[in-house]
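Data first, discussion second: the structure below is written as structure tokens.
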Protein chains: 2
Amino acid sequence: MHLGSIVKERRKLFNITQETLAEMSGVGLRTVKQLESGKGNPTIITLEKVADVLGMQLVLQIKSMNQ
Amino acid sequence: MHLGSIVKERRKLFNITQETLAEMSGVGLRTVKQLESGKGNPTIITLEKVADVLGMQLVLQIKSMNQ
DNA sequence: AGCAAAAGTGCACTGTATTGCACTTTTAAA
DNA sequence: TTTAAAAGTGCAATACAGTGCACTTTTGCT
């Protein structure tokens, strides 16, 4: 499961639209759409802005841990 | 602690140079240097390439977990 | 089914990440 | 302490991420 899907699922949990997420995070709507649909290659800052609004954070962890 | 520092620390654990990490990951040396020194705003793919070589992965998790 | 809202996409422009090169600074080993 | 290897940095070129706009497709509600 890629990062975009995780963002999308989490956003739906909050019952907000891509447009609202874009506004709240300060990221362009087009960028949010691309991120969620798995297109493109966002920068860390873009991903962090979006994740932050959704109460999530980007972390680097040792590989192959369950969940 | 930012992502660059985590990469740097992890790399030192493996006793390899930035140059070796760059070669192994397929990322430019200049980019590795910027990443580790906290300059710039890498893309997910760049960070994933480097993390992969170091046996790490980028994950999105619910915020405010310990560690 | 009908329809409005939400999501996905092609295009084009702007800004910036990636990169190599050449150089300086720092580190660590003899 | 010397000094070679490793790390940090300014500059410039290229590739591509971020974005708005206009449009199509999908979703989900009545």
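In this text the structure is predicted, and so the values were computed from the model without any measurement.
Expressed to the nearest 0.5 Å, how far CD of B:Glu19 lies from CE of B:Met24 amounts to 13.0 Å. Atom CD of residue A:Gln57 and atom CG of residue B:Leu60 lie 9.0 Å apart, to the nearest 0.5 angstrom. We find the CG-CD1 distance between A:Leu58 and A:Ile45 to be 11.5 Å, quoted to the nearest 0.5 Å. Here B:Thr31 contributes atom OG1 and B:Lys39 contributes atom NZ; the two are 14.0 Å apart, rounded to the nearest 0.5 Å.
Side chain of B:Ser25 to backbone of B:Leu21: a donor-acceptor contact under 3.5 angstrom is found. Of the possible donor and acceptor atoms, one in the side chain of B:Ser37 sits under 3.5 Å from a partner among the backbone N and O of B:Lys33. Distance alone, capped at 3.5 Å, places no donor-acceptor pair between the A:Asn41 side chain and the B:Thr43 backbone. In this structure, B:Arg11 contributes its side chain and B:Ile16 its backbone to a donor-acceptor pair below 3.5 Å.
Remark: A:Asn41, A:Pro42, A:Thr43, A:Thr46 in residues 37-48 of chain A come within less than 4.0 Å of DNA chain D through at least one heavy atom. Contacts with DNA chain C (heavy atom under 4.0 Å) in residues 21-34 of chain A: A:Arg30, A:Lys33, listed by number. Within a heavy-atom distance below 4.0 Å of DNA chain D, the residues of residues 2-18 of chain B found are B:Lys8, B:Arg11, B:Thr17, B:Gln18.
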Item checked: side chain to side chain contact (heavy atoms under 4.5 Å, CB included) between B:Gln61 and A:Met56, intermediate numbers included -> CA-CA 5 Å; B:Gln61 65 180 199; A:Met56 305 183 88; 5.9 Å; no
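Heavy atoms only, all atoms of each residue included: A:Pro42 and A:Leu35 are closest at CG-CD1, 4.0 Å.
Nucleotide D:dT9 holds its P atom 13 Å from the CG atom of B:Leu35, rounded to whole Å.
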